[in-house]
Amino acid sequence: MNHDDTAMHAAPDSTGMPSAFELRFPCLSGTGRALSFPCDSTGTVHMDSLSERALNNYLLARALTGRDYGWPSVQASCRAQG
């Protein structure tokens, strides 16, 4: 896994429109990276719309929450802003 201070953004959903929100898992190590995924306003990630790589990263972040990643939060997506 590449450890840098940038966030990994999953591809937008299958509609081609960027999501207005993202679910962000902060990295608990100082050298890691946060992971973020497009979601709705309640934090629901539509896993069927993720690429294989993004889906694997999403499942990894969920499995390692509290260990390698902090609890996720819903944030406005910078890609959806104009």
Side-chain angles (χ1 to χ4, degrees):
M1 185 183 309
N2 182 12
H3 293 289
D4 58 27
D5 291 327
T6 61
M8 187 225 93
H9 294 280
D13 65 26
S14 59
T15 64
M17 298 296 297
S19 175
F21 300 95
E22 62 186 27
L23 188 66
R24 185 176 177 92
F25 291 82
C27 183
L28 295 178
S29 72
T31 60
R33 64 178 183 186
L35 296 176
S36 61
F37 307 92
C39 68
D40 63 20
S41 63
T42 65
T44 301
V45 174
H46 299 283
M47 295 190 301
D48 291 342
S49 68
L50 298 177
S51 68
E52 183 178 350
R53 180 179 178 190
L55 177 60
N56 287 336
N57 284 330
Y58 175 65
L59 295 174
L60 178 73
R62 283 179 39 177
L64 296 178
T65 297
R67 179 177 164 194
D68 291 343
Y69 295 96
W71 293 104
S73 62
V74 177
Q75 300 180 356
S77 174
C78 59
R79 290 175 288 136
Q81 297 173 357

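Along the sequence shown, residues carry numbers from 1. No hydrogens, no waters, no symmetry mates; every other heavy atom, side chains included, goes into these values.
- Closest heavy-atom contact between A34 and P26: CB-CA, 4.1 Å.
- Remark: D40 pairs with T42 by the side-chain hydrogen bond (donor to acceptor under 3.5 Å, both in side chains) rule, at least two apart or across chains.
- In this structure, the side chains of L35 and N57 come closer than 4.5 Å at one or more pairs of heavy atoms.
- The distance from atom CD of E22 to atom OG of S77, rounded to the nearest 0.5 Å, is 4.5 Å.
- Under the ring-ring contact (aromatic ring centres under 6.0 Å, His included) rule, F37 has a single partner from Y69, F21, Y58, which is Y58.
- Between F25 and G70, the closest heavy-atom pair is CD2-O, 3.9 Å.
- In this structure, R67 CZ and T65 OG1 are separated by 11.5 Å, a value rounded to the nearest 0.5 Å.
- Closest approach of V45 to C39, counting heavy atoms only: CG2-CB, 4.0 Å.
- Evaluation of the side-chain contact (heavy atoms from CB on, under 4.5 Å) rule for L55 yields M47, L50, L59 as partners, not counting sequence neighbours.
- In this structure the side chain of R33 never reaches within 4.5 angstrom of the side chain of C27, judged on heavy atoms.
- Hydrophobic clustering (ILVMFWY, side-chain heavy atoms < 4.5 Å, transitive): L28 and L64 are in distinct clusters.
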